[in-house]
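All remarks here apply to the structure that follows.
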Amino acid sequence: MSIDEAEWQLGVCNACRYCEGICAVFPAIERSPDFGPVEVAYLANLCHDCRACLDACMYSPPHEFGVDIPDLLTRARQDSYEHYIPPPRFVLPIWLPEWARLLAVFLFTGGLIAVVSAITLGLRAFVPHTHAAASPYIVVPYAALVVLGLAPGLWTIWVMARAALRYWRDIAGPLPRLRDMNAVIRAFREGATLKYMRGGGGGCTVSEEDDPSPWRRRAHFLASYGFFACLLSTISAAVLQDIAGERPPYSLLSVPVVLGLAGGIGMVLGSTGLIAIRHRGARKAADAPDALATYAFPLALDALSVTGILTLALRNTPAFGIVLIVHLATVLTCISFAPYSKFVHFVYRLLSLTKDALETSQP
Ligand code: SF4
Ligand code: SF4
């Protein structure tokens, strides 16, 4: 996306102002009509791609002005992800296609877990014969699991935290501005309720043929809250084990299993719904050159949840060992790629909503 193109389209919006009531982007354009790369990145991450403004726009293609704000901001958002966290240029050659690098990391982590299991527990780890629900530790020792999970986890948190800090400094200045709890709480509320996916009121406009509908927002809710339920499931399992002294496996009605199963089902429904909606509305920007880049994030959520549900369903069968290793390799691959994927969008979006709250709540 060129900055000239952004300046032109956003300049038309600033003169027109027809959409100023739809979302936070248009009032932000009016407050700061100086469209450099940082301002465009901020507007792009404030946008929720509901496409209501394209539906409403009298200057959209085929009009000669060619204004298409959702398309412009989608491309600018992608540029901002790569600006704040450049694609990794080590270990795996950058010229490899995205799918090949994902597959390589998946095979490597799966192989590593299998080797660790074979060395520490012997070949019986792969086919744990049990008629009761099995503990993951009969396949991978607890200490190995902690090391294998913590290393990419801490790396991912570090990369994302560094990018968030740089992004905030660029768009809003000094870090202490984040001390305004009213603004932070408002941003979390708007982010958690997906306020700006309501579009003009009816929801997102998925394609030119469809009326606005709430289904994209609902699918996003299912996927994101499903993910948080799975995260809580892992945390509750750690609390049960390390504080209450209760080792896995946990019963079907225990907190970790109920949260994990509910979250997994929510993620499958939500991310599959997002894939279907994205496919239906595919056009220019969403029609990214690399199909995997377009669908990678919801596909990763699908893979995480399906392998997790299978691990639970098969935990008292001989297939448990292999399925658990596949699930763990999927989890580690997703953690390793998270900073370089659309997963980071929630960080920039919350910071953009916080800046918006700071600017609009000032007297
Ligand atoms: S998107 Fe179109 S209608 Fe809306 S403010 Fe911009 S130019 Fe005006
Ligand atoms: S949030 Fe919706 S209405 Fe606002 S700029 Fe983005 S696509 Fe347009």
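In each ligand, atom 1 is the first atom listed, and ligand 1 is the first ligand listed.
Of all the listed residues (C23, C204, G200), C23 holds the heavy atom that lies closest to atom 4 (Fe) of ligand 2. The option with the heavy atom closest to atom 2 (Fe) of ligand 2, from among C50, G199, P70, is C50.
Scanning all protein heavy atoms for the shortest distance to atom 1 (S) of ligand 2 gives H48 N, 3.3 Å. The nearest protein atom to atom 6 (Fe) of ligand 2, hydrogens excluded, is given as C47 SG, 2.3 Å; this is a heavy-atom distance.
Checking R349 against S352 by side-chain atom types alone, no donor-acceptor pair falls below 3.5 Å. No hydrogens or angles considered: a donor-acceptor pair under 3.5 Å links the side chains of S80 and N45.
By the side-chain contact (heavy atoms from CB on, under 4.5 Å) test, K342 is found to be paired with Y81, R278, F297, H345, residues two or more places apart in sequence or in another chain being considered.
Residue contacts with ligand 2 for L54 are absent, since no atom lies close enough (heavy atoms, distance under 4.0 Å).
To the nearest 0.5 Å, atoms OG1 (T74) and CG (D49) are separated by 4.0 Å.
Proximity of I69 to C13: side-chain heavy atoms (C-beta onward) are separated by under 4.5 Å at one or more points. Looking only at side-chain heavy atoms (C-beta outward), Y196 and L46 stay at 4.5 Å or farther from each other. Contact of the M160 side chain with the F346 side chain is registered, since non-hydrogen atoms from C-beta on lie closer than 4.5 Å.
Using a 4.0 Å cut-off between charged nitrogen and carboxylate oxygen, D71 and R75 count as a salt-bridge pair.
Inside a sphere of radius 2.8 Å centred on atom 4 (Fe) of ligand 1, the protein N/O/S atoms present are C19 SG.
In this structure, the ring of Y340 has its center no less than 6.0 angstrom from the ring center of F343.
Shown in contact with R51 at under 4.0 Å from a heavy atom are these atoms of ligand 2, numbered in order with element: 2 (Fe), 7 (S).
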